[in-house]
Amino acid sequence: MTESSTGHASEGPLRVAIVGVGPKGTFALERLLDHAATALGSARLHIDLFEASPVPGAGPVYDPRQPAYLRMNFAAEQLDMWWPAGGVIPVGERLAFPEWLARTERDARGDAYAPRAQVGAYLAEGFASVLRHCPSNVEIALHRANVTRVRRDEHGWSVEAGGEVRVGQSRYEEILLATGHERGSESGFGQAWPHVAPLIPAVFPVQRWLSRERLAPGARIAVRGFALTFLDAALALTEGRGGRFVKLAHPYRLRYEPSAEQAGLILPFSRSGRPMLAKPDPSMVAALPALEEIAESGRRRLLRLDEIDVEAHLLPVLATTAASSLLVADHRRAGDERQVQLTSQILARLRSVVRGARFAQTGDAVGEIERSLAIGCGNRGPDEAWALGHIWRALYPALVTRLSGHPLAPEEWPAFHRLAREMERLAFGPSPLNAAKLLALIDAGVVDLRHVSEGRLESSRDWTSVRSEMGSDAVDAVLDAVLPAPGTGEGGLARALVEGGHARVLDGGRGLEVLYDGSCIGGEGEVTPGLAAIGRATEDSVIGNDTLSRTLHPLADHWARRVVSRAHDAGAPASNVSAASGAVA
Ligand SMILES: Cc1cc2nc3c(=O)[nH]c(=O)nc-3n(C[C@H](O)[C@H](O)[C@H](O)COP(=O)(O)OP(=O)(O)OC[C@H]3O[C@@H](n4cnc5c(N)ncnc54)[C@H](O)[C@@H]3O)c2cc1C
């Protein structure tokens, strides 16, 4: 482990700490090294990395040790961990995920939606590559430790961490929070648990929480939540226990063959009961170049908006773009009248969503999933739900750019959140394979949707049951499959920084208020020197943080540029610097 004494910028290298070295912490490190390499000779940096999980780069979400049935919901062909213009890593090591797969020969064919474990191996290798190419004016120390507190005093920033790291030893001029899905920021669902059946408080890691010891074969399990985490839990309790999915002579339908070890019955319950729709096959959009032209025009309109009132400005762009896309995808002749009619129909639906209504139901949950699969593989003509999902995916980068640094007025956030929740359901759902697996589990009677809409738990003296207007079913355990919301969760580092006045939550939003380079705004409205955050803790100040996309959010690049220029201003000649330390456990 590299240790260095407390130092002022003028005496030695600029001292930087990155807390959390999952994907985004790694991306920020790569940007920092790249800018430092360009400034070689005039900027010196010492970087301490703090990472709680055993696999830096991958972090828990992409832990390479997790089972292969836990897959991405982001097509493998779009995955590339490298910044487009980076130079510090040699081109031969800056491989996009599909090239990396082919090169490593792990699976030269690749899958449209890869196992997260495989993506984790790619990210971990990328992290090692970043360390290997650390320029000579930078030294790096990796601390495998959970940071429990970030503090500031007259000497600078310091962190408190367990493991090997001695508290208060080091002071930093710059600290970056990249803690993503922070532990400790729990949903609060299980606090003061009143039920007889035990609560399993989380799904991940499935090896820990969904083991046979916790959930015995044959157990009847109520599951809170019906989104992607529910799907992973259902797979862990069936396929992960030896069940098998068999292909049928059908474009997407599967049959499930049970195992003796699997859960007896899985009963999801959620507020809305609405399913996430299956992603369509990308070939559908690729075959119609006019869709990209329509999307491009929608993106331009979004970027040109001076202000965003959700109902007055955003919805009309979405509605016209969706209507045009639907007419093209459905091979219907546009015609002014048809276009106007469809636009106003979609606009009315979107308005009712932002005012709190649910998107008009096209069927029950099974019917909606089935329909999205049929549309996605071309077996059925597209519908409004497809069009809205498509345009949300296609316009999202422009929305992220437009809102970055120019957030909504505080009173607009509730409407935006209602809209985003519904659009994400239509746009960012499971892969077709996972949606087909869910249908097969429902067909086999292992997953039962009886209580999925507005189900609730109740306990008598002897047992717990899940109840809805469809009746009541006793369960052996309750599983929480809802991830804590993004932002400054209870018990997390970001919350403590807010409480200490070093940061504040965006007015009307959920996450820390940050500038274009991640710099945090303090309680008094001033920029807090040396404190920055990227990722989930900044949600709303920056939108759409839950992604591996390198290009969607340029904050880490701007942050790295600023930090290196600070090191440059304070730096001594590079000849004073010993070789980089690289990765040290
Ligand atoms: C189950 C699941 C599946 C997902 N699937 C996809 C997908 O298919 N496609 C996609 O684009 N996105 C997906 N996401 C979204 C995901 O948020 C991002 O892809 C990505 O993980 C974000 O990276 P991050 O570094 O910001 O956060 P994280 O991946 O959460 O990494 C944060 C890192 O910080 C570390 N850390 C946190 N707190 C501390 C602390 N106090 N001290 C030290 N270290 C700390 C953690 O150990 C972790 O390594 C998924 C998310 C989840 C939860």
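The figures that follow rest on heavy atoms only: side chains count, while hydrogens, waters and symmetry mates do not. As the structure lists them, so they are numbered: ligands from 1, and atoms in each ligand from 1. Bear in mind the structure is a predicted one, so any value in this text is a computation, not a measurement.
Remark: aromatic rings of H502 and W157 are close, center separation under 6.0 Å. For an aromatic pair to be called close, the ring centres must be under 6.0 Å apart, and F74 with F428 fails this.
Closest heavy-atom approach to atom 30 (O) of ligand 1 among the candidates E160, R116, H181: H181. Between Y62, Y113, F74, F27, it is Y62 that holds the heavy atom closest to atom 19 (O) of ligand 1. Remark: among candidates V203, V61, V119, L49, the nearest residue to atom 52 (C) of ligand 1 is V61, based on non-hydrogen atoms. Comparing N146, N73, L123 by heavy-atom distance to atom 8 (O) of ligand 1, the nearest is N73. Scanning G22, P23, A75 for the heavy atom closest to atom 29 (O) of ligand 1 points to P23. Nearest to atom 32 (C) of ligand 1 by heavy-atom distance, out of T179, V19, V206, I534, is T179.
Looking only at side-chain heavy atoms (C-beta outward), E125 and W100 come within less than 4.5 Å of each other. When side chains are defined from C-beta on, W82 does not count as touching E93, because their heavy atoms never get closer than 4.5 Å. Taking 4.5 Å as the limit, every side-chain heavy atom of S129 sits out of range of all side-chain heavy atoms of M81. The side-chain heavy atoms of E539 and L506, taken from C-beta on, include no pair separated by under 4.5 Å.
Within the 4.0 Å heavy-atom criterion, neither part of L228 lies near ligand 1. Residue contacts with ligand 1 for A145 involve N, CA, C or O but no side-chain atom from C-beta outward (heavy atoms, distance under 4.0 Å). By the criterion of a heavy-atom distance under 4.0 Å, the backbone of A178, and not its side chain, is placed next to ligand 1. Within the 4.0 Å heavy-atom criterion, neither part of T26 lies near ligand 1.
Partners of R550 under the salt bridge (charged side-chain N to carboxylate O under 4.0 Å, His left out) rule, at least two apart in sequence or in another chain, are E30.
For the ligand labelled ligand 1, residue R536 lies outside the 4.0 Å heavy-atom shell.
The side-chain contact (heavy atoms from CB on, under 4.5 Å) test with L33 is passed by exactly one of L45, I89, V130: V130.
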